[in-house]
Enquirer: 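Would you mind keeping the following structure in view while I ask a few things?
In what follows, every heavy atom counts, from backbone to side chain, and hydrogens, waters and symmetry copies are set aside.
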Amino acid sequence: MKLVTTLYRQFQHLVHEVAKFGLVGLLGLVVDLPIYNWLVFNNPLVLADSGEGMLHHKPLTAKLISTTVATIVTYFGNRYWTWRHRERSGLHREYVLFFVLNGIGLLIAAGCLAFSRYVLDMHSWLSDNIAANFVGLGLGTLFRFWSYRKFVFKEELALDEVEHTPTPDSPADLDTESTGDLPAVR
């Protein structure tokens with residue numbers, strides 16, 4: 001039991017990030033699945049094949065649309081909840097990187113869907129959802145978690161660095177080139 005407690009303490013931060021990332025991902029899935037299934041099978045409830053949706057013969061286009069909408073939702077969930085404690089590098093930079101890396105995740109899911117549709121010749125709602133939203137999404141999620149932590153939401157400042165940052169004792173200490181005059185304004 002002590003070993004489990006020790007390991008948990010060492011990886012507590014990572015466990016919390018994974019849990020939050022998973023919940024945000026589930027929210028993204030709740031957005032993605034109905035849109036995809038409505039566009040391809042005219043059934044947003046993902047219960048069965050209800051026929052042909054407006055993009056039935058273009059499942060990759062439907063996946064692009066549904067994933068793009070889900071990406072917008074998950075960006076805000078990840079930025080403002082999962083990795084809110086991490087250093088911010090600018091909304092524009094983060095958003096562009098997030099979309100590029102999500103594009104790679106989308107290619108993984110679309111590749112699985114394309115293999116199922118065009119190589120295995122499987123066109124049912126079940127095969128599409130297993131290929132794109134189970135296998136593809138699972139592989140894409142592993143890539144996304146790693147890449148978001150590494151490139152988008154960079155590592156937070158260590159608390160000991162913040163605590164040991166020297167603070168000036170007087171206004172003259174603000175200017176390292178002090179000549180006894182008032183501190184230089186920069």
Enquirer: Can you confirm whether V24 sits close enough to F76 that some side-chain heavy atom of one is under 4.5 Å from a side-chain heavy atom of the other?
Expert: no
Enquirer: OG1 of T61 to CE of M54: how many Å apart, nearest 0.5 Å?
Expert: 12.5 Å
Enquirer: Do W146 and F151 make the cut of ring centroids closer than 6.0 angstrom?
Expert: yes
Enquirer: Please step through side-chain contact (heavy atoms from CB on, under 4.5 Å) for the pair I65 and L39, ending with a clear verdict.
Expert: CA-CA 9 Å; I65 293 167; L39 291 171; 3.9 Å; yes
Enquirer: Please say yes or no: joined through hydrophobic side-chain contacts below 4.5 Å, possibly via intermediate residues, are F145 and F143 part of one cluster?
Expert: yes
Enquirer: Hey, does R144 have a side-chain heavy atom less than 4.5 Å from the side chain of N102?
Expert: yes
Enquirer: Say you draw a straight line from CZ of F134 to CG of L126; how long is it, rounded to the nearest 0.5 Å?
Expert: 11.5 Å
Enquirer: Check the hydrophobic clustering (I, L, V, M, F, W, Y; side-chain heavy atoms under 4.5 Å; chains of links allowed) and say if V100 and L142 are grouped together.
Expert: no
Enquirer: For T71 and T67, indicate whether the former's side chain and the latter's backbone hold a donor-acceptor pair under 3.5 Å.
Expert: yes
Enquirer: Between H56 and F41, which heavy-atom pair has the shortest distance, and what is it?
Expert: CE1-CE2, 3.6 Å
Enquirer: Under a 4.5 Å cut-off applied to non-hydrogen side-chain atoms, are D32 and K63 in contact?
Expert: yes
Enquirer: Under 4.5 Å between side-chain heavy atoms, hopping through other hydrophobics if needed: is there a path connecting L64 to L101?
Expert: no
Enquirer: Can you name the nearest heavy-atom pair linking A132 to A109, along with the distance?
Expert: O-CB, 3.7 Å
Enquirer: Does a side-chain heavy-atom distance below 4.5 Å link R117 with H123?
Expert: yes
Enquirer: Would R149 and F21 satisfy side-chain contact (heavy atoms from CB on, under 4.5 Å), going step by step from the backbone distance to the final call?
Expert: CA-CA 10 Å; R149 289 187 90 234; F21 179 78; over 6 Å; no
Enquirer: Determine whether W125 and V40 make a side-chain contact, defined as any pair of heavy atoms from C-beta on separated by less than 4.5 Å.
Expert: no
Enquirer: With a 4.5 Å limit on heavy-atom distance, are the side chains of T82 and Y148 in contact?
Expert: no
Enquirer: If every non-hydrogen atom of S127 is compared with every non-hydrogen atom of S116, which pair is closest and at what distance?
Expert: O-OG, 3.8 Å
Enquirer: Could you check whether D128 and Y36, counting side-chain N and O atoms only, form a donor-acceptor pair closer than 3.5 Å?
Expert: yes
Enquirer: Below 4.5 Å, heavy atoms only, C-beta onward: do R79 and F98 meet side chain to side chain?
Expert: no
Enquirer: Under 4.5 Å between any side-chain heavy atoms of Y118 and L60, yes or no?
Expert: yes
Enquirer: Can you give me the closest heavy-atom contact between C112 and G136, atom names plus distance?
Expert: SG-CA, 3.6 Å
Enquirer: Is Y75 reachable from V18 through a run of I, L, V, M, F, W or Y residues, each pair having side-chain heavy atoms under 4.5 Å apart?
Expert: yes
Enquirer: In terms of hydrophobic clusters joined by side-chain contacts under 4.5 Å, are M122 and L137 together?
Expert: no
Enquirer: So how far is it from I130 CD1 to L113 CG, rounded to the nearest 0.5 Å?
Expert: 12.0 Å
Enquirer: Okay, side chain of N37, backbone of L33: is any donor-acceptor separation there less than 3.5 Å?
Expert: yes
